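Worksheet: the structure to be examined is printed underneath.
Numbering of ligands and ligand atoms starts at 1, following listing order. Heavy-atom basis, side chains included; hydrogens, waters and symmetry copies ignored. Just so you know, these numbers come straight off a predicted model, no measurement behind them.
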Amino acid sequence: MIVMKFGGTSVESAEAIARVAAIVRASLNRQPLVVVSAMGKTTNRILAAAEKAAAGNLADALHDVDELEAYHRTEASAAIDAALHPVMNDVLEREFDSLETAMEQIAGAAQVTPALWDEAASHGERLSSALVALAFEGRGMETAHLDARTVVITDSQHTQALPLYSRTYARLTERVASLREHHDVIVMGGFIGSSTTGVTTTLGRGGSDFSAAIAGAGVGAEEIQIWTDVDGMLTCDPRVLPGGRRLRRVSFDEAAEMAYFGAKVLHPATVLPAVEKNIPLRILNSRRPEVEGTLIVGEPVRSTNPVKSIACKRGITIVNIRSLRMLMAYGFLHRIFDVFDRYKTPVDMVSTSEVSVSLTIDQTQTLGEIQAELSKIADVTVTPGQAILCLVGEAIRETPGASERVFGALARAGISVKMISQGASRLNLSVTVDDADVARATAALHEELFVTVDEAVFA
Ligand code: ADP
Ligand code: ASP
Ligand code: MG
């Protein structure tokens with residue numbers, strides 16, 4: 001059995017869905033469990049409408065919902081065989097009525113509570129999974145639609161829920177086995193689940209990858225395929241620098257590190273369930289299924305190139321905290337981190353000197369409050385508009401001269417570095433640069449680090 005996950009761009013139109021159907025058909029003998037994201041930008045559009053409803057513009061929000069309905073209707077009508085249009089119409093009517101109700105509830109509450117956020121956002125995958133299942137059915141594949149909310153059971157942390165693994169795995173195994181008796185393919189929505197009391201939850205933005213990994217681990221899949229719009233994991237972020245090389249293989253650890261630092265191609269939490277069960281993951285391109293993609297494996301991937309990829313996290317803020325009270329004192333770091341904790345603001349990079357601490361954050365909603373609290377114990381300066389460049393590779397640490405090459409390349413390009421961190425993890429070297437310098441810095445590093453490549457690892 002394999003899990004095949006298709007991201008938003010892979011199901012964004014009738015044409016894209018037809019490609020997906022062909023890809024799945026070619027793997028029917030491997031008993032695919034298909035996990036799909038919402039179509040195209042649906043999740044963003046639902047959330048934008050929800051904000052309007054919360055701000056008191058219910059009419060605008062409902063207008064957006066109508067547009068989304070028209071989009072789904074157009075693409076689905078073209079993707080699904082006419083004989084199944086009555087069933088398709090029922091799906092569209094049911095889900096869009098329900099989405100309207102969610103918008104009305106949000107307007108009534110005058111805010112998007114986390115539970116309402118989940119309820120509204122869930123419609124993207126509820127729709128896409130039901131519609132893709134019908135598109136498969138219309139092409140003669142015996143297809144079952146599995147509502148992810150009946151199998152992915154989570155805690156109640158709305159918008160960031162975590163699966164309750166043993167319950168989820170038990171439900172998955174049971175439901176999938178029984179659906180298999182009469183169906184060749186099972187289609188399930190990613191991203192969504194439900195709490196133990198049956199309330200809809202979501203696994204965090206980009207969470208369909210996570211769903212695929214949970215499903216794969218739950219059913220003991222032999223492989224999890226993540227189908228997206230790029231050829232695989234690349235040596236750099238294609239939106240920052242086109243022309244990166246494809247990685248043939250990376251390790252689970254490297255992939256997790258890349259994902260955490262911005263390589264959006266994979267959701268960071270994804271690898272966990274797959275790692276535990278040692279299930280290989282493969283990243284593939286739904287527009288070019290003939291390309292081999294990237295295989296993510298449990299063991300380290302040796303290469304003569306110490307760096308495998310340059311990831312970046314843009315739009316971050318550096319907070320510098322300086323206090324003479326830090327001199328020889330203990331408990332100071334604790335007090336600082338306690339403030340970030342209380343405002344639920346994750347910290348990414350940290351570096352300390354005798355009297356100061358610099359750290360980076362990417363969520364700045366409560367930065368004002370954090371700054372006010374910290375100012376009671378220290379001088380605080382805030383530098384927005386920064387980016388973290390993260391070089392990922394198992395061998396960075398052991399390779400003599402790796403960091404010299406990195407800093408040499410940045411220096412020659414005239415790029416100044418504000419913070420440096422290495423050693424927190426064996427496989428990453430991170431620096432911060434001005435966000436405006438990201439493309440130039442990536443290009444300089446890419447040229448230095450990938451001028452020659454190990455053909456066994458890079459395509
Ligand atoms: P999906 O909708 O299929 O989940 P995502 O948008 O979440 O797709 O992830 C795929 C995108 O990740 C690519 O289009 C690419 O722009 C981005 N990306 C960032 N860094 C990398 C990288 N190192 N390799 C490949 N893709 C990357
Ligand atoms: N549709 C969800 C999102 O946009 C989940 C996903 O696509 O992975 O975040
Ligand atoms: Mg994604």
Side-chain angles (χ1 to χ4, degrees), residues 4-12 16 19-20 35-48 68 117-118 120-129 148 152 159-161 188-193 201-215 225-248 250 254-270 281 283-288 291 293-294 296 307-314 387-393 438 442 445-446 450 458-459:
M4 308 175 85
K5 178 261 173 178
F6 295 88
T9 45
S10 298
V11 292
E12 70 186 353
R19 277 195 297 268
V20 167
V35 176
V36 291
S37 287
M39 289 169 63
K41 301 259 171 282
T42 300
T43 312
N44 285 347
R45 290 169 67 182
I46 292 174
L47 294 172
L68 265 178
W117 192 101
D118 280 352
S122 70
H123 288 81
E125 273 75 5
R126 286 153 67 169
L127 281 157
S128 64
S129 55
V152 179
T159 78
Q160 291 288 342
M188 171 181 125
F191 180 54
I192 60 178
T201 53
T202 66
L203 307 175
R205 292 307 308 270
S208 294
D209 298 341
F210 194 13
S211 305
I214 295 164
Q225 302 177 344
I226 307 284
W227 291 84
T228 181
D229 60 352
V230 282
D231 283 351
M233 297 205 104
L234 307 173
T235 49
C236 55
D237 186 331
R239 292 159 305 178
V240 173
L241 179 71
R245 309 284 290 251
R246 169 169 61 92
L247 282 147
R248 295 181 202 276
V250 296
E254 289 170 327
E257 199 79 14
M258 284 169 69
Y260 184 72
F261 283 100
K264 202 179 148 226
V265 67
L266 204 73
H267 185 288
T270 304
L281 275 154
I283 315 287
L284 292 150
N285 189 345
S286 66
R287 289 172 187 275
R288 308 208 307 151
V291 178
T294 299
I296 303 174
V307 172
K308 301 262 181 32
S309 184
I310 307 167
C312 68
K313 197 162 179 173
R314 306 191 64 162
I388 299 177
L389 281 177
C390 175
L391 304 162
V392 177
V438 162
T442 304
L445 289 169
H446 201 271
F450 300 105
F458 301 88

4.5 Å side-chain heavy-atom contact, T235 and F458:
yes

The salt bridge (charged side-chain N to carboxylate O under 4.0 Å, His left out) partners of E257 (sequence neighbours excluded) come to none

Between CE on residue M258 and CG on residue D237, distance to nearest 0.5 Å:
9.0 Å

Could you list, one pair per line, each nitrogen or oxygen of ligand 1 together with any protein nitrogen or oxygen closer than 3.5 Å, giving atom names and the distance rounded to 0.1 Å?
unit_1   : atom_1 : unit_2 : atom_2 : d
ligand 1 : 2 (O)  : G8     : N      : 3.3
ligand 1 : 3 (O)  : T228   : OG1    : 2.8
ligand 1 : 4 (O)  : K5     : NZ     : 3.1
ligand 1 : 6 (O)  : K264   : NZ     : 2.9
ligand 1 : 7 (O)  : K264   : O      : 3.4
ligand 1 : 8 (O)  : T228   : OG1    : 3.2
ligand 1 : 9 (O)  : K264   : O      : 3.4
ligand 1 : 12 (O) : V265   : N      : 3.3
ligand 1 : 14 (O) : D229   : OD1    : 2.8
ligand 1 : 14 (O) : D229   : OD2    : 3.4
ligand 1 : 16 (O) : R239   : NE     : 3.2
ligand 1 : 23 (N) : L234   : O      : 3.2
ligand 1 : 24 (N) : L234   : N      : 2.9

Distance check, rounded to the nearest 0.5 Å: L241 atom CG versus T442 atom OG1?
6.5 Å

Can you find a heavy atom in the side chain of V152 that is under 4.5 Å from one in the side chain of M188?
yes

A side-chain contact here means heavy atoms from C-beta on lying under 4.5 Å apart; do T159 and D118 qualify?
yes

Dump all N/O pairs between ligand 2 and the protein below 3.5 Å as a table: atom names plus distance, one pair per row.
unit_1   : atom_1 : unit_2 : atom_2 : d
ligand 2 : 1 (N)  : T43    : OG1    : 2.7
ligand 2 : 1 (N)  : E125   : OE2    : 2.6
ligand 2 : 4 (O)  : T43    : OG1    : 3.3
ligand 2 : 4 (O)  : R205   : NH2    : 2.9
ligand 2 : 7 (O)  : S37    : OG     : 3.1
ligand 2 : 8 (O)  : G206   : O      : 3.4
ligand 2 : 8 (O)  : G207   : N      : 3.4
ligand 2 : 8 (O)  : S208   : N      : 3.0
ligand 2 : 8 (O)  : S208   : OG     : 3.2
ligand 2 : 9 (O)  : R205   : NE     : 2.7
ligand 2 : 9 (O)  : R205   : NH2    : 3.4
ligand 2 : 9 (O)  : G206   : N      : 2.8

Check the angle between the aromatic planes of W117 and F191 and answer parallel, tilted or perpendicular using the 30° and 60° thresholds.
perpendicular

Might you confirm whether atom CZ of R205 has over 12 heavy atoms from other residues, nucleotides or ligands at distances under 6.0 Å?
yes

Using the salt bridge (charged side-chain N to carboxylate O under 4.0 Å, His left out) criterion, which residues pair with R45? Sequence neighbours excluded.
none

